[in-house]
Trainee: 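Quick one: the structure is below, questions incoming.
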Amino acid sequence: MSKPTRLAVKDSEPKHLPIYQHKNKLVQAVRKSPFLIVTGETGSGKTTQLPQYLHEAGFCKNGKIGITQPRRVAAITVAQRVAQEMKCTLGREVGYQVRFDDCTSQETAVKYMTDGCLLREVLADPSLSQYSVVILDEVHERSLNTDILLGLLKNVFSDPAEAAKRRSFPLKVVVMSATLESDKLSAFFNNCPVFEIPGRVFPVTCTFGSAVGPKDVERNFYVKEVVKVALDVHISEKAGDILVFLTGQSEIEHACDLLFEKAENIDYRYDVQDRTVEGLLILPLYGSMPTDQQRQIFQPPPPGIRKCVVATNIAATSLTINGIKYIVDSGFVKQLNHNSRVGMDVLEVVPISKSEAQQRAGRAGRTSAGKCFRIYTKEFWEKCMPEYTIPEIQRTSLTAVILTLKCLGVHDVIRFPYLDCPEERFILEALKQLYQFDAIDRRGKVTKLGELMVEFPLHPGLTRALLKSASLGCQDLLLPVAAMLSVENIFIRSVTWRTLEKEAAKKHRALAEKTGSINDFATLLCVFNSCKSSDRPSAWCKENWIHWRALKSAFSVETQLREILLRLQQVQDFPTESFDGNKSELLRRCLCSGYFTNVARRSVGKVFCTMDGHGSMVHVHPSSSLFEQEAELNWVIFHDVLVTSKTYIRTVCPIRYEWVKDLLPKLHEVDVYELSSVARQEVTEDEMVKWESKEAAKRQQEASAEDVMKKLEKRNTEDSVSDARARYLQRKQQREQRKAL
DNA sequence: TATCCCATA
């Protein structure tokens, strides 16, 4: 395929970007209004150019220009390019800051950063006094941190008089987004002006398939179908590479195997428009793949060979592969959703939204016109796919976010200005959990412990366990575990070949056995320590099928957590406790104080029943050392839940009922709906007394956790939890109902 | 009875 190389070079010159002719008007628009929305498709140049225009126009006299990105790589690469264009050394006038990598200095006037970084800065300095302009980029992606920043910026800077009290000069806020939803954003920021920049994209023609209809939502029928369509494309379409979208690792490897088998039977000398397509290069792509293997994806295929990349959603926004002309879209994605019925965050496969389908199709039109083959029917599109992807803030656990808001002085977390309100139930659930972790008191006020917790970049449950271990003086057990659980999966499972997969599993089993216990958390600790004390850690990883990149980042996270803990122990009067139990139980006892919300008890055979008040039936994931383990392990805690062929719990550890006995009633003592008034901070003394007596009565009623459990088990015999579709439709219906109201 | 979306502090 001939690439328009010269054109591409010319395009990257700032003056040829669509944004250039709007330069003066754009700068004026920022001058005039405290808030401004800028919309433009990818390729309009807004991310790299606008900060430069503002810098040139003298906006950096009083403070910095800060630009947020939802992803680390984006923040770094864009900063590199802008530094180049401004002809300065990266880290001086132009810099970036992401976790573990601060490339800024006193001189830095234009600072690219992740949205999470800016949120941390807000915690330390709510009026953002260092900045003259804050630009939130890629707002249409609706990342959790960006959404919170939107609300905070509106809250703090909407009232000019109030803002003036906080700062010596006004702050300019620019919100950048793809064209969708610009009216909504403008309305959110007091009907502020919208500036539109035309983009430049090539047309992509889309076709619907006939295979996957509304009834196939639940079956993973689509793997076979994408393989068939990809082969059709290979045989009948002009030269150009193929990108296939699937949902997960095992599916992708299965599809690659099928493609390989079937492509062997193709007549490779099939003549397509004067180009002899001799073969098909099949490449899997997913996030947990080793980096060197990922790099292969970007190399152009050998002459005459067509590349076919089978990827997860990683290829939708995070990675751009050149030369893609054809998309095969399965119509599904694996997504982390907060599930009220299961009562926790669950990873599940759901249909993508229409806007996401368009995003996928767009990956074929980056360098020339392309084609997108959707394997699902028009009916599936109309009936099963929502218009937009539900923003993260409406579908994940809000526990950490609510704690952050509370610590920022936002007490009324229900009436906080969300661009899209999460369901009140989700907010109340988060409050309930914070209360259970002792992070807030019964009036919704942040406790001393809560103030300690917000300092840690971890899930609150994990933070709770870590703080427990610190107060017992055994933080060396929990710090590595917390670090390992907050990085990507460290176990490499396979590289397409089944024999090697068995090899990997054998090594991982050996590591689990080395701990002398059956406990996935202990295995993580063991991997961490074994590798750290090894002479050649990267070789050790290779030998044991461990992800070196992931483990390295776990080392950094552990160091960071250790530093935070040390700082807090020096400043605050840190709580201390003594432990008189068996030393070998220490790790598990600490885990219990953060994971008592994730307790399950063996029900029948291999089925476990969760104890969180929802009583879901779950199975131990095959990757766990508890998988297939026998009946004496009756009580377990687990780190997360995953719905694929079954509802699986992952990273599991057996516990004794006595350890959680006193904590479990706490799960049932607070009625979520009664927290509503606490959330609003409108509780009168009378209400408080009434509420507390009611709770006391309830506690008496549910004398022990055993009783609760029996009740739950009874209720759950008819309940199928793996019915992802029913839940999906239920959520959809609820959303529509709310909209109608 | 058989397997792990993507990000982020």
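All chains are named by letter (A, B, ...) in the order of the sequence lines, taking the proteins before the strands, and each is independently numbered beginning at 1.
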Trainee: Of the nucleotides B:dC4, B:dT8, B:dC5, which has the atom closest to the A:Y648 side chain?
Mentor: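 The nucleotide sitting nearest to the side chain is B:dC4.
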
Trainee: If the threshold is 4.0 Å, N to carboxylate O, is there a salt bridge linking A:D420 and A:R142?
Mentor: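 Salt bridge between A:D420 and A:R142, a charged N being under 4.0 Å from a carboxylate O: yes.
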
Trainee: If the plane angle is over 60° it's perpendicular, under 30° parallel, otherwise tilted; pick one for A:Y418 and A:F416.
Mentor: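 Perpendicular.
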
Trainee: In whole angstroms, how far is the P atom of B:dT1 from the NZ atom of A:K606?
Mentor: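 One finds 8 Å between P of B:dT1 and NZ of A:K606, rounded.
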
Trainee: Contact class for A:L347 (heavy atom, under 4.0 Å): base, sugar-phosphate, or nothing?
Mentor: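 Here A:L347 touches the bases of the nucleic acid.
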
Trainee: From the options B:dC4, B:dT1, B:dC6, select the nucleotide whose nearest atom is closest to the side chain of A:I314.
Mentor: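 Within the option list, the nearest is B:dC6.
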
Trainee: Of the options A:D101, A:T104, A:T108, which is the one that meets A:Y96 in a side chain to side chain donor-acceptor pair (under 3.5 Å)?
Mentor: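 Only match with A:Y96 under side chain to side chain donor-acceptor pair (under 3.5 Å): A:D101.
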
Trainee: When you measure from the side chain of A:V98, which nucleotide among B:dA9, B:dC6, B:dT1 comes out closest?
Mentor: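 Side chain of A:V98 sits closest to B:dA9.
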
Trainee: Send over the distance from A:L398 CG to B:dT8 P, rounded to a whole Å.
Mentor: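 Whole-Å distance recorded here is 20 Å.
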
Trainee: Determine whether the aromatic ring centres of A:F627 and A:Y648 lie less than 6.0 Å apart.
Mentor: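 When the ring centroids of A:F627 and A:Y648 are compared, they turn out to be at least 6.0 Å apart.
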
Trainee: Can you check the A:I76 CD1 to B:dT8 C1' distance for me, whole Å?
Mentor: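 That distance rounds to 13 Å.
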
Trainee: What nucleic acid atoms does A:L336 come within less than 4.0 Å of, heavy atoms only: base, sugar-phosphate, or nothing?
Mentor: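 If one applies the 4.0 Å heavy-atom cut-off, A:L336 turns out to touch a base.
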
Trainee: Tell me which nucleotide among B:dC5, B:dA9, B:dA2 gets nearest to the side chain of A:P622.
Mentor: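 Among the listed nucleotides, the one closest to the side chain of A:P622 is B:dA2.
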
Trainee: Mind checking A:N313 for me? I need base, sugar-phosphate or nothing, with any heavy atom below 4.0 Å counting as a touch.
Mentor: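 A:N313: no heavy atom of the nucleic acid under 4.0 Å.
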
Trainee: Tell me: CD of A:Q335 to P of B:dC4, nearest whole Å?
Mentor: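 Rounding to the nearest Å, CD of A:Q335 and P of B:dC4 are 16 Å apart.
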
Trainee: Taking syn as within 90° of 0 and anti otherwise, name the glycosidic form of B:dC4.
Mentor: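 What B:dC4 shows is a syn base, its glycosidic angle lying within 90° of 0.
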
Trainee: Between B:dT8, B:dC5, B:dT3, which one does the side chain of A:K334 approach most closely?
Mentor: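 My answer, after comparing the listed nucleotides, is B:dC5.
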
Trainee: Quick one: label A:E628 by what it contacts on the DNA or RNA (base, sugar-phosphate, nothing), any heavy atom closer than 4.0 Å.
Mentor: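 The answer is base, as A:E628 lies within the cut-off (heavy atoms under 4.0 Å) of a base atom.
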
Trainee: May I ask you to verify if any side-chain N or O of A:T312 is less than 4.0 angstrom from the OP1 or OP2 atom of B:dC6?
Mentor: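 Indeed, a polar side-chain atom of A:T312 lies that close.
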
Trainee: To the nearest Å, give me how far apart CG (A:N337) and C1' (B:dA7) are.
Mentor: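 Between C1' of B:dA7 and CG of A:N337: 15 Å.
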
Trainee: Which part of the nucleic acid does A:L458 contact within heavy-atom distance under 4.0 Å: base, sugar-phosphate only, or nothing?
Mentor: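 Answer is base: heavy atoms of A:L458 come under 4.0 Å of a base.
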
Trainee: Can you find a side chain N or O atom of A:R120 that sits less than 4.0 Å from OP1 or OP2 on B:dT8?
Mentor: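 For A:R120, the contact criterion (side-chain N or O under 4.0 Å from OP1 or OP2 of B:dT8) is not met.
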
Trainee: A:S645 side chain N/O closer than 4.0 Å to the phosphate oxygens (OP1, OP2) of B:dT3?
Mentor: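 So the side chain of A:S645 is within the cut-off, an N or O lying under 4.0 Å from OP1 or OP2 of B:dT3.
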
Trainee: Taking the side chain of A:L642 as its heavy atoms from C-beta onward, which of B:dC4, B:dA9, B:dC6 lies nearest to it?
Mentor: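 Nearest to the side chain of A:L642 among the choices is B:dC4.
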
Trainee: Under 4.0 angstrom, heavy atoms only, what part of the nucleic acid is A:S143 near: base, sugar-phosphate, or nothing?
Mentor: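 A:S143: no heavy atom of the nucleic acid under 4.0 Å.
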
Trainee: What nucleotide among B:dA7, B:dC4, B:dT1 has an atom nearest to a side-chain atom of A:E392?
Mentor: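 Of all the options, the side chain of A:E392 is nearest to B:dA7.
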
Trainee: Checking A:R464 against A:F437: charged group under 6.0 Å from the ring centre and within 45 degrees of the axis?
Mentor: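 Negative - A:R464 is either too far from the ring of A:F437 or too far off its axis.
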
Trainee: To the nearest Å, how far apart are A:R363 CZ and B:dC6 C1'?
Mentor: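 Rounded to whole Å, this separation is 13 Å.
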
Trainee: With a 4.0 Å cut-off on N to O distance, would you call A:R562 and A:E558 a salt bridge?
Mentor: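 Between A:E558 and A:R562 there is a salt bridge, with a charged N closer than 4.0 Å to a carboxylate O.
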
Trainee: Measure the distance from CD on A:E141 to P on B:dT8 and round it to the nearest whole Å.
Mentor: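 Computing the A:E141:CD to B:dT8:P distance gives 11 Å.
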
Trainee: Counting just side-chain N and O atoms, does A:S486 come under 4.0 Å of either OP1 or OP2 of B:dA9?
Mentor: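 No, outside the criterion.
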
Trainee: Tell me what A:R71 touches on the nucleic acid: a base, only sugar-phosphate, or nothing, going by heavy atoms under 4.0 Å.
Mentor: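 Sugar-phosphate contact only - A:R71 comes under 4.0 Å of backbone atoms but never of a base.
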
Trainee: Is the shortest distance from a Lys or Arg side-chain nitrogen in A:E455 or A:R567 to a carboxylate oxygen in the other one below 4.0 Å?
Mentor: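 Salt bridge flag = yes for A:R567 with A:E455.
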
Trainee: Just the rounded figure in Å: distance from C1' of B:dT1 to CG of A:L626.
Mentor: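 Those two atoms, CG and C1', are 15 Å apart.
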
